[in-house]
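Following: one structure in C-alpha cells, then a few remarks.
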Amino acid sequence: MPRKLVHLIAAARPNFMKVAPLHHALAASDWCDARIVHTGQHYDANMSDAFFRDLRMPEPAHHLEVGSGTHAEQTGRTMIAYETVAMRERPDAIVVVGDVNATAACAMVGAKLSIPVAHLEAGLRSRDRSMPEEINRLVTDAISDLLWTPSPDADENLRAEGVPAEKIERIGNIMIDSFEMLRARIEAAATRERFGLEAKRYAVVTLHRPSNVDDRATLAELVERLLAISPRLPLFFAVHPRTRRRLEEFGLWAALAGAPGITLTEPLGYIEFMNLVCGAAAAITDSGGVQEETTYLGIPCLTLRENTERPVTVTEGSNRLLKPQELEAAVEEILAGRWPRGRRPERWDGGTAGRAVGSLKRYLLEKSI
Ligand code: UD1
Ligand code: UDP
C-alpha cells in the first residue's frame, strides 16, 4: 500500500510544541510521511527557529512567509499560499493545531479541497467572541473531520454544538509530550543562573493578549500592578513582540526596565523558558500554553483574563483567573504557601502524540478501505 502523506501546519510560537511530538511520532511510522508547512505567521528567530532547534524538528518542507498583518490579510494570504501547496501535493490529511489564524485558514483550504482535516486541541471554548482565537476555534471545529480534544469539557462543547460523537476523540494534551520529551534538558538548563534568579523566589510573566496589551489604560494598570508586587516577588518578564511594541508606544517600557525587582528579556527558547517555569514560585500570564504547563507542574498560575477556554486548569489545576487589582493578594497567598497544587488532568501524560497517530491511522487506513 502506498504511504500516506500528511501535512502538519505550524504558524506561531504555541504551535511548535504541539506539532513536534506528532512529527516525531509520524516520522517513526511505517505508513506515513509527514511534512511540516510553516506559514510564517511568527518569523523572528526567537519566536520560531529557536523552537525548531529545541524541539529537534527538521526544516519545514514548505515555508509560506505570510508574516504579520490584519486578521483578514494574514488569513487570506495563508489560504492563498497554502492552497497552492495543497493542490500540488494533495496530502491524504492535514493536521491543524491550536487556534491561531493559520489553524482556521488551512482547515478551510483542506475542507474545500475535500482533504480530511484533523484539529488537534479541538473543542476549547472561552465563549468570548471578542477573542480572535475563539472565532478560529469555532470555524475550525465546524469543518474538521477529526476532532482531537484535550479534556472532557472540550468533548462536551463539541457535542453541544451538534458534532457527531464519532468525530471526537479525547487524546489529551500534546504540550505535555514536548515537555516530557525535553524534561532532562529543561531541568539541566542553567537559565536561572544566567539571570541570577533563585529557585522559587521569582515569578515568570508573559502577556500578549490584545485585550491586555493593545489598550493604553489597561496596559498601564497592569504595569502598575506588576511594579507594586515586584518588591515582594521578583519578576522575570519575557516580552512578546506585540507587547514590547505597545509598552514602547505607550511610554511604559522605561518604568518596567528601571524597576530593581523586574528583569525584562526578549522571548526565550522553549528549553530555557520551561527551565524558568519549573523553578518559579508562580506564573503571571495570559497565555493558553502557560496555564496548561503550570497545571501539569503544580505551579501557581495567575491568569490575567476574564475567561479561559481551558477550564480544567482552574477546576483541577493550579490556575486562577484574576483581575489586575487582585494580583497583590494572590501573591501573598502564594508566599504564605496557601495556593492549592491541584492535580494533573487525565491523559495529560506524554502519550498524546501516540493517540493522535493511532486515530489518524485508523481514519486513513481503515475507513478508506
Ligand atoms: C498570535 C495568535 C495568538 C497566540 C500568539 C502566540 C492569532 C489571531 N493570534 O498572536 O492566538 O496566542 O500568536 O504568541 O493567530 N511580531 C514580531 N515578530 C514575530 C511575530 C510577530 O515582531 O515573529 C509582532 C508584529 O508586530 C505583529 C505582532 O507581533 O504585528 C502580532 O503578531 P500576530 O502573529 O499577528 O499575533 P500575536 O499577538 O503574536
Ligand atoms: N514560551 C517560550 N518562551 C517564551 C514564552 C513562551 O518558549 O518566552 C512557550 C511556552 O511553552 C508557552 C508557549 O510558548 O506555553 C505558548 O506561547 P504563547 O503564550 O505565545 O501562546 P498561547 O499559548 O497563549 O497561544
Side-chain angles (χ1 to χ4, degrees), residues 9-18 20 38-55 65-75 77-78 96-106 121 124 126 130-137 139-140 173-176 178-179 182 186 189 191 195 204-214 236-246 248-249 263-278 283-297 301 303-305 308-310 313:
I9 310 295
R13 178 167 71 184
N15 297 162
F16 305 130
M17 57 292 278
K18 296 171 194 170
H38 191 329
T39 71
Q41 178 168 347
H42 284 176
Y43 44 83
D44 289 347
N46 58 19
M47 296 294 284
S48 177
D49 295 4
F51 293 86
F52 277 73
R53 240 188 343 266
D54 279 1
L55 294 154
E65 296 184 357
V66 162
S68 303
T70 66
H71 288 282
E73 284 167 348
Q74 212 168 49
T75 308
R77 283 204 295 262
T78 305
V96 297
V97 304
D99 53 19
V100 301
N101 285 339
T103 312
C106 295
E121 201 184 88
L124 297 184
S126 65
S130 71
M131 275 185 96
E133 294 82 0
E134 185 72 354
I135 308 299
N136 292 336
R137 293 180 200 115
V139 168
T140 306
N173 189 328
I174 201 150
M175 308 262 298
I176 309 309
S178 275
F179 178 78
L182 293 175
I186 288 169
T191 324
F195 289 105
V204 169
V205 181
T206 81
L207 293 171
H208 71 280
R209 294 275 157 236
S211 57
N212 275 332
V213 307
D214 283 358
F236 181 93
F237 189 172
V239 187
H240 187 285
R242 172 191 288 275
T243 310
R244 181 178 190 127
R245 214 179 61 198
R246 293 305 188 201
E248 287 172 349
E249 185 185 324
T263 307
L264 292 185
T265 67
E266 295 284 312
L268 297 185
Y270 179 73
I271 291 174
E272 287 214 297
F273 182 77
M274 288 311 297
N275 174 270
L276 290 189
V277 171
C278 288
I284 299 173
T285 193
D286 56 15
S287 159
V290 175
Q291 293 174 62
E292 298 180 334
E293 290 156 341
T294 48
T295 275
Y296 185 67
L297 296 166
C301 185
T303 296
L304 292 161
R305 286 181 48 187
T308 179
E309 61 289 332
R310 294 162 161 88
T313 61

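Counting starts at 1 for both ligands and their atoms, in listed order.
Checked against a 3.5 angstrom limit, the closest N/O atoms of L268 and ligand 2 fall inside it. Looking at D99 next to ligand 2, no N or O pair under 3.5 Å apart turns up. In terms of polar-atom proximity, G288 is counted as a contact of ligand 2, with an N or O under 3.5 Å from an N or O of the ligand.
We find the CZ-OG1 distance between F273 and T206 to be 5.5 Å, quoted to the nearest 0.5 Å.
The residue among R245, H240, R242 with a heavy atom at the shortest distance from atom 30 (O) of ligand 1 is R245. When H240, R310, M17 are checked for heavy-atom proximity to atom 9 (C) of ligand 2, M17 turns out nearest.
The aromatic rings of H240 and H208 sit parallel, their planes meeting at an angle under 30°, below the 60° perpendicular limit.
The heavy-atom pair separating A189 from I271 by the smallest distance is CB-CG2, 4.0 Å.
If you look at H38 and F52, their ring centroids are closer than 6.0 Å.
Within the 4.0 Å heavy-atom criterion, the part of E133 lying near ligand 1 is the side chain and not the backbone.
In this structure, G269 counts as a contact residue of ligand 2, since one of its heavy atoms falls inside 4.0 Å of the ligand.
With respect to atom 1 (N) of ligand 2, the closest heavy atom belonging to the protein is F273 CD2, 3.5 Å.
For ligand 2 and R209, the ligand atoms under 4.0 Å from any heavy atom of the residue are 22 (P), 24 (O), 25 (O). Heavy-atom proximity to M175, at under 4.0 Å, picks out these atoms of ligand 2: 15 (O). Distances below 4.0 Å separate heavy atoms of Y270 from the following atoms of ligand 2: 7 (O), 11 (O). Of all atoms in ligand 2, numbered sequentially from 1 with element shown, those under 4.0 Å from a heavy atom of S287 are 18 (P), 19 (O), 22 (P), 23 (O), 24 (O). Those atoms of ligand 2 that come under 4.0 Å of a heavy atom in A238, given as number and element, are 8 (O).
A donor-acceptor pair under 3.5 Å is formed between the side chain of T294 and the backbone N or O of Q291. In this structure, T243 contributes its side chain and L207 its backbone to a donor-acceptor pair below 3.5 Å.
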